Structure formats: structure tokens, C-alpha cells
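Everything below concerns the one structure shown next.
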Amino acid sequence: MNALPLAGITVIACEQAVAAPLATRHLADLGARVIKVERPGTGDFARGYDETVRGMSSHFVWLNRSKESVTLDLKHPDAKEVVHRLIAGADVFIQNFAPGAAERLGLGAEELRARHPRLITCAISGYGSSGPYRDAKAYDLLIQAEAGLVSVTGSEETPAKSGIPAADIGAGMYAFSGILTALYEREHTGVGAALEISLLDSLVEWMGYPFYYAEYGGTPPARTGTSHAAIAPYGTFTAGDGTDIVLSVQNEREWAAFCRHVLDRPELAADERFDTGSRRVAHRRALEEHIAEVFSGLTAEQVQRRLAAARIAHARQRGVTEIGAHPQLVARDRLTEVGSPVGPLTAVLPAIGLPGRPARMDPIPALGEHTDTVLEELGYDSRARDRLRAEAAV
């Protein structure tokens, strides 16, 4: 059986929270060996975010399968030497220390790449390594606010943050794709690269449509809940049995079909309030009243049957607790199990699948679980390993 594409690649990760761990988990999914360096005693602080997964943190369980955990106190010279020895044999070094901290530890990109020209370094920060916000705290909510995401999310009355850590996820995915790009380039040049990813840059890129809409339209997109600032009908409507149905009408053909087959009111297609996309947006409230009136007399099954017959894009608005039983995920065997310190846990298979090569779904590590094994690989004898443990315990 063919190995996964990143088999043989070693990643050293001084990481915590979401962005960097997300990037390295994707690398591990594709076969890379990821050695996660954590603080003795507490480890990655995401381990303590909550205790909802049989005592483990939901964030940590999501982001850290298939990794090896090594505990080192980087304030001690002996521990720093261990990290340097690990990096000497690695392909990638990723960190999301506070700006300047890596350099103070002797782990800055310039110093490392001078020693190891083939090494790919990746630094993830909130705002980047320069500029007036360089040293500002950069929690996900703060970045969502600074990037404008909060201003376009929520209801007309109340702005809201995204329900998932959008800034962290964006930065983690750009770090992942940047590292893959640098590995590909290194195959041709023999030379690594120094990558710098910021949460603000990542999320601002995702804000491209609202930016252009406001820059050239004169006003920002309105907050419309699950509706769309520029398309109607679009969003969530409730059937008579209380089920929420999400639908989207994208063009005039669909609008006519929606009126005829779903609403059973073909005359609405030519109503001068609704006969173009911009007019439907302008008269959104009146339009939605027509839809609500019809849907209130139908069950969700009846609504979906009509939408399917009219070939209108639609979905059920599901709660998070319903995801694991989603019929599409179940039919495609997208759920599996991973090991953990608290026993087997349900997990979703990686989104990147390779035919004929089963996904890597190795256990979530206990804090420091692999410290002795990794130190022994580096040539440290039992006395040296005991000394490092004693230093970490101080």
C-alpha cells in the first residue's frame, strides 16, 4: 500500500490554541510526523479550555490527533538544546509564540535558516511582525472585530461574532497551504522558506466580498442574519411543523420556478416588486411574508419536496447535536474513532481523502507522553532524561 504523501516529513511545533495546531494536524493527517513541544505541567493551554470530552478539552481533541507530545521548559538551556537538535533533523518548524519570543529563545526564522537552509519555518501571529499592532493581544474575537467580520455578521439589530474561531481557522489553513507550497518548492530548489502568517491578514482576505461591496458600492453589506445582503429570497424559513428550511434563489429561472412550484403563486414572478433580483432585495420584507404564509401551511417534508421539484437549492438548518447523525456523513462513512487518554472518541475523517490510502487517525496524546521516546531517539541516556525532567519540574 502506498504511504501517505507527507510520510518522511518531520514537523516540530511549538504551538498552542487553534491556528498552529490546526495547520500541523492537517500535516499529520497527510502522514507527517508532528512532534508537539509543550510546557511541563499544563501543556498547550487549549488542553484546559473545557472538560466536555470525558474530561478533555473539545478544542484539543479536535486539533491534536496523530501528534507526539514532548514536554520541555524552554527557559532552561538544556531544553533549548533539545529543541535545536529536534529542528536539526526536521523539515518544518512552526510556532505561534508572542512576537519576538522565538527570537529571544534563539528560534527565530533568520537564525534557524542560517543553520539549516532546507528548513521551512512558519511563524503565526495576530497582526504580523511589524506595524503598530505588532504586540497587541490577538484573540480570535478581537481579530474578527478588527477585520470587520463582526460588523457584517448577526441580525439587523445586533452584530455577532462567528460561532467558530474564523480568524484562527483562516490562519491555520493558510499556514497549512503555505507549508505545502514551500515543501513543493524545496523539491525544485533544495532551499526552504520563512513563512509568516497573521490572523488579521488571513481574515481580511476572507472579507474580500464585503470589502469590494463597501469600497465601490458606498455602503457595507447589511447584517441580515441567515439572509444575503444582495440576494432574495435567501435564508431561513420555518415550515408549519417548526422545522427551519434554508433556501436560495439565485436567478430569474429559479425565481419563476419557485413561484410556480413552491409557492403555487405563479403571478408573483411578474409582480413589479419582485421581477428582478435588486427589486426582490428592496422589497425583502413583503417577499418573505408571502413565503412565510405558504410555508406555515406545509410540513418540512412537503416544503422540501416542492423545492426539489423546482430544483431550488435548499437545506435543513440542523443543530450541532445533529451533525453526527447526518445522513450524508453516515452514508459515506465519514465518522470513525481515534484513541485518546480517556478511551476511543468519535472523529470525522479528514476532508482531504486519497483513494486507496486510509486516512491517518492516530491517538490524541497525553501531555508529555512521547518525551522519553523522542529524547532517546536523540541520543539522551536515562541520566540526561532524568535531568531534563528535574529541570522541568522546578
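The model shown is predicted, which means the values in this text are computed figures rather than measured ones. Computed from heavy atoms alone, side chains included, the values below leave out hydrogens, waters and symmetry copies.
- Side-chain atoms of Arg223 come within 3.5 Å of backbone atoms of Ser151 as a donor-acceptor pair (strictly under, hydrogens ignored).
- Dense packing is recorded around CD of Glu215, with more than 12 heavy atoms of other residues, nucleotides or ligands lying under 6.0 Å away.
- Within the structure, salt bridge (Lys or Arg N to Asp or Glu O under 4.0 Å) contacts touching residues 111-132 (residues at least two apart or in different chains) are Glu111-Arg115.
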For this session: Assess whether side-chain contact (heavy atoms from CB on, under 4.5 Å) is satisfied between Cys122 and Ile197, documenting all intermediate values.
Result: CA-CA 7 Å; Cys122 181; Ile197 308 292; 4.1 Å; yes
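- Inter-residue side-chain proximity for His116 and Ile87 is flagged as met; some heavy-atom pair is nearer than 4.5 Å.
- With hydrogens and angles ignored, the 3.5 Å screen pairs no side-chain donor or acceptor of Thr158 with any backbone N or O of Ser155.
- Remark: side-chain polar atoms of Lys36 are not paired, donor with acceptor, to backbone N or O of Thr24 under 3.5 angstrom.
- A distance-only check finds no donor-acceptor pair linking the side chain of Asp241 to the backbone of Thr299 [under 3.5 Å].
- Separating the CG atom in Leu74 from the CG atom in Leu72 is a distance of 6.0 Å, to the nearest 0.5 Å.
- Counting all heavy atoms, side chain and backbone alike, Glu38 lies closest to Asp44 at OE1-N, 2.7 Å.
- Comment: Arg33 engages Glu68 in a salt bridge, judged by a side-chain N to carboxylate O separation of less than 4.0 angstrom.
- Atoms CE and CH2, on Met56 and Trp62 in that order, are 15.0 Å from each other to the nearest 0.5 Å.
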For this session: Could you go through the salt bridge (charged side-chain N to carboxylate O under 4.0 Å, His left out) check for Arg280 and Glu252 one step at a time?
Result: CA-CA 11 Å; Arg280 289 193 292 277; Glu252 299 313 307; 2.9 Å; yes
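- A side-chain donor-acceptor contact under 3.5 Å links Glu254 to the backbone of Gln250.
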Exercise. Please walk me through it: do Tyr127 and Leu199 pass side-chain contact (heavy atoms from CB on, under 4.5 Å)?
Worked result: CA-CA 6 Å; Tyr127 293 98; Leu199 273 67; over 6 Å; no
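- What you find for Pro350 and Arg65 is that their closest heavy atoms are CG-NH2, 3.7 Å.
- No donor-acceptor pair under 3.5 Å is formed between the side chain of Arg186 and the backbone N or O of Val191.
- Distance NE2/His326 to CD1/Ile323: 8.5 Å, rounded to 0.5 Å.
- Asn96 places no side-chain N or O within 3.5 Å of a backbone atom of Ile124 that could act as its donor or acceptor partner.
- To the nearest 0.5 Å, the span separating CG on Leu307 from CG on Leu247 amounts to 6.0 Å.
- Arg47 contributes no side-chain N or O that, together with a main-chain N or O of Ser57, makes up a donor-acceptor pair within less than 3.5 Å.
- Summarising the local packing, CZ of Arg311 is surrounded by 12 or fewer heavy atoms from other residues, nucleotides or ligands at distances under 6.0 Å.
- Nearest heavy atoms, Phe60 versus Pro365: CE2-O, 3.9 Å.
- Judged by distance alone, the side chain of His283 and the main-chain N or O of Arg273 form a donor-acceptor pair under 3.5 Å.
- Seen from the ring of Tyr380, Arg85 counts as a face-on cation partner, given the 6.0 Å and 45° thresholds.
- Rounding to the nearest 0.5 angstrom, the gap separating the CG atom in Leu180 from the CG atom in Leu30 is 7.0 Å.
- Judged by distance alone, the side chain of Ser125 and the main-chain N or O of Ser198 form no donor-acceptor pair under 3.5 Å.
- Separation of atoms CD1 (Ile12) and OG1 (Thr121) is listed at 13.5 Å; rounding is to 0.5 Å.
- Among all heavy-atom pairs drawn from Gln144 and Asp140, the shortest one is NE2-OD2, 2.6 Å.
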